[in-house]
Amino acid sequence: MKVTFLGTGTSTGVPQIGCSCPTCTSPDPCDKRLRASAIVEVDGTRLLIDCGPDFRAQMLAIGAPQIDACLLTHIHYDHVGGLDDLRPFCAHKAMPIFCQPKVAKAIRERMPYCFAPNPYPGIPKIDLIEIEPYHTFQFKGIEIQPLLVMHALMPIVGFKIGNFAYITDCKTMPKETLKQLKGLDTLVINALRHEVHPSHLCLSEALEIIAKAKPRRAYLTHMAHNMGPQASVSLPEGVQFAHDFLSITI
Ligand SMILES: [Zn+2]
Ligand SMILES: [Zn+2]
Ligand SMILES: [Zn+2]
């Protein structure tokens with residue numbers, strides 16, 4: 001299994017428009033963070049996790065490999081704002097998009113032109129497939145388990161595929177999810193900044209979950225500029241900041 005991070009930043013991206021803080025002006029390319037998204041590749045099948053507003057630029061940057069399906073964590077714009085740019089990947093057949101029923105409903109409302117009886121030629125063909133937390137489903141033989149996490153009061157999902165899991169925009173998680181995260185090879189989890197935030201894990205909270213789950217290694221994602229330049233933050237052994245276009249093999 002190969003995982004490529006397409007973006008590792010929070011909703012504003014880093015640098016944040018108009019900001020001249022040390023992170024936003026850092027010369028380190030790892031401190032430039034597009035909106036959070038990743039591709040998981042298993043035996044030649046590529047699953048896109050989230051499709052944010054930077055999707056087009058992210059795909060061009062990695063040579064636009066074929067995407068076979070899309071998994072959505074939740075409906076926030078930084079996770080779905082690029083869905084219209086799936087067009088080149090669904091010219092011949094509809095793109096399966098796996099998401100919670102409330103996310104599917106919101107997509108139908110936001111992109112009604114995709115679901116019209118006589119759609120305009122060229123629009124993205126989207127096949128919304130509803131999923132529920134903990135109900136494992138399969139795509140091309142790949143087992144995917146949606147895991148419930150709480151984004152403040154909003155129940156959203158992360159995904160576990162084999163001994164890898166990807167969690168973003170989590171603030172708290174039920175015991176069952178923590179149980180499913182135990183003993184993974186690789187855990188990706190969000191860490192916004194140092195200070196506590198009402199709807200996202202801060203660094204110390206993310207590290208606490210990692211310490212309980214005990215994956216072999218963990219990568220942090222969905223960082224804001226006020227995490228500081230990545231080189232300025234020391235992390236425990238086995239934990240590192242992900243960066244855009246980092247590829248890891250599991
Ligand atoms: Zn987000
Ligand atoms: Zn800044
Ligand atoms: Zn969110």
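Atom set for the values below is all heavy atoms of this structure, side chains included, hydrogens, waters and symmetry mates excluded. Since we're looking at a predicted model, the values are computed, not measured.
- By the salt bridge (charged side-chain N to carboxylate O under 4.0 Å, His left out) test, K160 is found to be paired with no residue, residues two or more places apart in sequence or in another chain being considered.
- In this structure the side chain of F89 never reaches within 4.5 angstrom of the side chain of L48, judged on heavy atoms.
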request  = Check the pair H225, C19 against side-chain contact (heavy atoms from CB on, under 4.5 Å), reporting the backbone distance first and the verdict last.
outcome  = CA-CA 9 Å; H225 66 151; C19 186; 3.4 Å; yes
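- Applying the side-chain hydrogen bond (donor to acceptor under 3.5 Å, both in side chains) rule to E237 yields no partners; only residues at least two apart in sequence or on another chain are considered.
- Atom NZ of K179 sits in a sparse spot, with 12 or fewer heavy atoms from other residues, nucleotides or ligands closer than 6.0 Å.
- By the side-chain contact (heavy atoms from CB on, under 4.5 Å) test, F137 pairs with L71, F98, I131, I144, P146, sequence neighbours left out.
- Under the side-chain contact (heavy atoms from CB on, under 4.5 Å) rule, T168 has a single partner from V188, V149, T73, I156, which is T73.
- For H243 and D28, the side-chain atoms include no donor-acceptor pair closer than 3.5 Å.
- For the residue pair D31 and S26, a side-chain donor N or O sits within less than 3.5 Å of a side-chain acceptor on the partner.
- Looking at E195 and C202, their side chains never come closer than 4.5 Å, going by heavy atoms from C-beta outward.
- Residues I97 and I129 fail the side-chain proximity criterion, which asks for heavy atoms closer than 4.5 Å.
- At least one donor-acceptor pair closer than 3.5 Å links the side chain of Q58 to the backbone N or O of L6.
- At a threshold of 4.5 Å between non-hydrogen side-chain atoms, the residues N226 and C21 do not count as touching.
- L203 places none of its side-chain heavy atoms less than 4.5 Å from the side chain of L192.
- Contact of the Q145 side chain with the Q180 side chain is registered, since non-hydrogen atoms from C-beta on lie closer than 4.5 Å.
- Contact check on R216 versus D185 returns a salt bridge, with a Lys/Arg side-chain nitrogen under 4.0 Å from an Asp/Glu carboxylate oxygen.
- Taking every heavy atom of both residues into account, V157 and L72 meet most closely at CG2-O, 3.7 Å.
- A 4.5 Å side-chain heavy-atom check between P53 and Y77 finds at least one atom pair inside the cut-off.
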**Message:** Could you go through Y219 and T8, starting from their C-alpha distance and side-chain angles, then the distance that decides it, and tell me whether this counts as side-chain hydrogen bond (donor to acceptor under 3.5 Å, both in side chains)?
**Reply:** CA-CA 10 Å; Y219 288 89; T8 55; over 6 Å; no
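- The local environment of CZ in R46 is crowded, with over 12 non-hydrogen atoms from other residues, nucleotides or ligands closer than 6.0 Å.
- Evaluation of the ring-ring contact (aromatic ring centres under 6.0 Å, His included) test over residues 148-196, restricted to residues two or more places apart or in two chains, returns H74-H151, H76-H151, H151-H200.
- Counting heavy-atom neighbours within 6.0 Å of L60 CG, excluding the residue itself, gives a total above 12.
- In this structure, the side chain of R110 engages the main chain of I75 through a donor-acceptor pair within 3.5 Å.
- Contacts of Q138 classified as side-chain hydrogen bond (donor to acceptor under 3.5 Å, both in side chains), with partners at least two apart in sequence or in another chain: E143.
- Under the 4.5 Å side-chain criterion, counting only non-hydrogen atoms from C-beta, L86 is in contact with C51.
- For residues 112-141, every residue pair satisfying the salt bridge (charged side-chain N to carboxylate O under 4.0 Å, His left out) rule, not counting sequence neighbours, is listed here: R108-E130.
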Please determine whether side-chain hydrogen bond (donor to acceptor under 3.5 Å, both in side chains) holds for the pair H79 and D50, giving the CA-CA distance in whole Å, both sets of side-chain angles, and the decisive distance to 0.1 Å. CA-CA 5 Å; H79 299 264; D50 288 336; 2.7 Å; yes
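- Checking T4 against S247 by side-chain atom types alone, a donor-acceptor pair falls below 3.5 Å.
- Across D78, D244, D54, a single residue satisfies salt bridge (charged side-chain N to carboxylate O under 4.0 Å, His left out) together with R35, and that is D54.
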